[in-house]
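What you see is a predicted model; the values in this text were computed from it and never measured. Computed over heavy atoms, backbone and side chain alike; hydrogens, waters and symmetry mates excluded. Throughout, protein chains are lettered first and strands after them, A, B, ... in sequence-line order, and every chain is numbered starting at 1.
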Amino acid sequence: MQLEALEGRVDRGLAFARLFRAGRSNFGPTQACRGSGQGMRGKETIVASTETAGTTRRDFLYLATGAMGGIGAAALVWPFVSQLQPDASVLALSSTEVDLSQVAEGQMITVKWRGKPVFVWNRTPDDIAKSKATEISVLLDPVARNANLPLDALATDENRAAEGEGHEKWLVVIGICTHLGCVPIGHMGEYDGWFCPCHGSEYDSAGRVRRGPAPENLAIPPYHFVSDTKISIG
Amino acid sequence: MSGHSTFEPKNPALKWFESRLPLVGLIHSSFVAYPTPRNLNYWWTFGGILSLMLVCQIVSGVVLVMHYTPHVTLAFDSVEHIMRDVSWGWLIRYIHANGASMFFIAVYIHMFRGLYYGSYKAPREVLWILGCIIYLLMMATAFMGYVLPWGQMSFWGATVITNLFSAFPVVGPTIVEWLWGGFAVDNPTLNRFFSLHYLLPFMIAGVVVLHVWALHVVGQNNPTGVEPKSEKDTVPFTPYATIKDGFGMVCFLIFFAWFLFYIPNYLGHADNYIPANPLVTPAHIVPEWYYLPFYAMLRAVPDKLGGVLTMFGAIIVLFFVPWLDTSKVRSAAYRPLYKQFFWIWVAVCIGLGWLGSKPAEGGYVIAGRILTIYYFAHFLIILPLLGLFEKPKAIPASITEAVLGKNKGAAPASAGVSAPQTKG
Amino acid sequence: MSNTMSFRSSLLRPLAVASLVIGLAVPALAAEGAPKPSREDWSFAGPFGKFDRAQVQRGFQVFKEVCASCHSAHLLAFRNLAQPGGPEFSEAQVKAVAEGYQVQDGPNDAGDMFDRPGRLSDRWPSPFPNEQAARASNGGAFPPDFSTLAKARTYEVGFPGFLIDIVRQYQEQGPDYIHALLNGYKEPPEGFNLPEGAHYNAFFPGHAIKMPQPISDDQVTYTDGTPQTVDQYSRDVTAFMMWLAEPHLETRKRVGFQVMIFLIIFAGLLYFTKKKVWKSVEH
């Protein structure tokens, strides 16, 4: 009889109610199951007969209590998860300014922005020419990955280099290999850009991945020119 | 934890697992089928509440550590960083700070309940002593935790308490320097306290497992102090005790939330919002409220070493209560004299707590001395003698009889013919 | 000036500091005999307490124009002034305030530190570079930092008041004290031995405070027609200090109310569930 009751509950999918119903029929008034305690028998019968009428109400009470407990637990979890996100002081950290007047032609400097290295490269005309001569079709990743342009912009040299009159010699990229996060070494590798020492990815003079396990071109952070010799990243 | 399990899995996968590691069976026998006396009152829900508080403190503590910096120049500001910048940080920090007080409120009620109903008596001596060890570990943990925000009270509390050890002859000064890792409370002290504050709660959790194990071996005491004699006297832990404990916990959480959300600094000290300054002692140094009775005892004794020994003695004496109480009857419900002495002792503890918050001068010190002497007399004189002279009331034959008798409005039934309580 | 000289001597400093405890604004319990600060009607007190936006903005104005010339607030960032639950200035207003301050940054590529206009993420610049400089400029006293000050001051409530405060949810002793202190400057009574360079204050522990009366009527010009009295200034700046010490006070009380409602309903449901479960077992 207990088993039947149990299965009925399973069908209705009332897991919580089932737990308590099981508890009640298995253990509740101890005497009923264990065949002792003559004194309690009468009372037990009464409970059994009111069971049918009271079932819905009791099930509802158990369900409501269980649901409340679940909601409470879920609400309590949120602050403990939410505290993991970058805190207000980190979010407020503003931009980094870079003075370009000190960067000679061909020189590559590294600045820190939001804890990450950013490469700023004053490219030679030769670097630019080589980059421009590269067909999109030979690239491993044809997308510009430029935070200042639409997501689907193509990885042409124009879309990778800085925008504006006389700015095309500047290449600003986040110095983190898109494979597994190492910092690539500049002026190395077959494509005159960067070479990643960890797994051998190679980037060209527009920071586009040309060889190796890296899936994407080096990302370009949001930045703009404050003046002709100064950029603000972020 | 309660020996043989009646759990028989139907699911083949579970059957396979259970035959290799009977984990579900263990949980089932410990927290589902485990028989609990049917007459437990709400004072018995504090065991569950304490487990909840331990989990609450460990979880919030682990999260706080993600943002806290244990260094004298950064500790105070990193706590304020949690309060200001970390998402929901204020909530987690206040949970942890107020949670410590709530933990102690619950543990004091739990201990008073044990003392009132004689839960320390045979065969529960080991259970009681494990509880005393947990209490000691809690005090050490709370003390070191209070040092971490590195406010004025943190610093001077640490200075005063560590200086207690200098009272010991010959080795005292060396012990203190080793505790400090220097010649005063400083960065090394903060770092080691931080390390130990993280470690000790897990030791508490370990002893709690032993405490629960010991409980499940001997079974729970109950308000009558009469051991369950038949299955009639008990109900299964689930759902009966679980739902009752759950209700008790939520009521306790309402009390907790009152402090947490509306007066979160009530139980702390204003001075701890001033960064630690090793050159200036606050005008009025007071430990956290849960140490106040012991602090009063420390100051009641004019001798430095004597004071320290008295204070530690006040805790040590608890370990010997099972043997100091000579009465054959467990529960104060049937011990008319002990019941009165118990409440006097509770009043003395509260009185000592109040004196601990007062300056150590004049009448306060004299009152402190009288209450300190009474505190020890309760354990060392009153308890042993009461057992010899007290005439206990008639004890019911069984729990069921007591329950049914009470509910019929009659006096505990079959008076006089009560079976002797099992003791030893 | 002789004070300043002795502070320059590192050998004498600890001694001098100890002797100047009175100047340290040691908080806590008011000394014996000091009158108890009166309890004020704070908008942020009680279970539904909220900051009065206009008041906290005026308080910031008083802080900026008067207090900040000696007192630091090193945990205050400009961005905080625009965040919800505080003075809630607009971001443009706060940017303008920040740009009015020079903040040290660097080192630059040449290795030098340099000054630049403040940004939202910067902290409120301190008036003195360190504690020693602050003491040297203030007759040996250290003007305490404002960041947590409103929670770091209190007075003894006594029995049974401290129990009633639990039920009333009163923990505004800090603001009461600060308000009382700012209004507590008086002529010293007959026979009171006031140390040189100190001022008599009825509410300061020991009564001899190094801070001269910091503000007088009409010193700060309010634009919203609020009375320009010392009492009003002190209320406003106290409200600002309370926000500074507890910037999430409003969220705390709001969430607290929701949690309370939830817990009470949940406790009710558990109570009835418990009754059902135990219905057939006498206990």
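- When the shell of 6.0 Å around OH of C/Tyr101 is examined, it contains more than 12 heavy atoms from other residues, nucleotides or ligands.
- Counting non-hydrogen atoms of neighbouring residues, nucleotides and ligands closer than 6.0 angstrom, the CG atom of C/Leu163 exceeds 12 such neighbours.
- When heavy atoms are compared at a cutoff of 4.5 Å, A/Ala75 does not approach chain C at all.
- The structure places CG of A/Leu91 at 8.5 Å from CZ of C/Arg79, a figure rounded to the nearest 0.5 Å.
- Shown here is C/Tyr271, whose OH atom has no more than 12 heavy atoms of other residues, nucleotides or ligands within 6.0 Å.
- In C/Lys253, the NZ atom is crowded: over 12 heavy atoms of neighbouring residues, nucleotides or ligands sit closer than 6.0 Å.
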In sequence, state the C-alpha distance, the side-chain angles, and the governing distance for A/Tyr62 and C/Val277, and then conclude on side-chain contact (heavy atoms from CB on, under 4.5 Å). CA-CA 10 Å; A/Tyr62 292 160; C/Val277 168; 3.7 Å; yes
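- Open room surrounds CG on C/Asp41; 12 or fewer heavy atoms of other groups in view lie less than 6.0 Å from it.
- Both the backbone and the side chain of C/Leu270 come within contact range of chain A, each with at least one heavy atom under 4.5 Å from a heavy atom of that chain.
- The shortest side-chain heavy-atom distance between A/Thr65 and C/Phe266 falls under the 4.5 Å cut-off.
- Closest approach of A/Ala92 and C/Ser121 over heavy atoms only: O-CB, 3.2 Å.
- Residue A/Met68 holds its CE atom at 11.0 Å from OG1 of C/Thr273, rounded to the nearest 0.5 Å.
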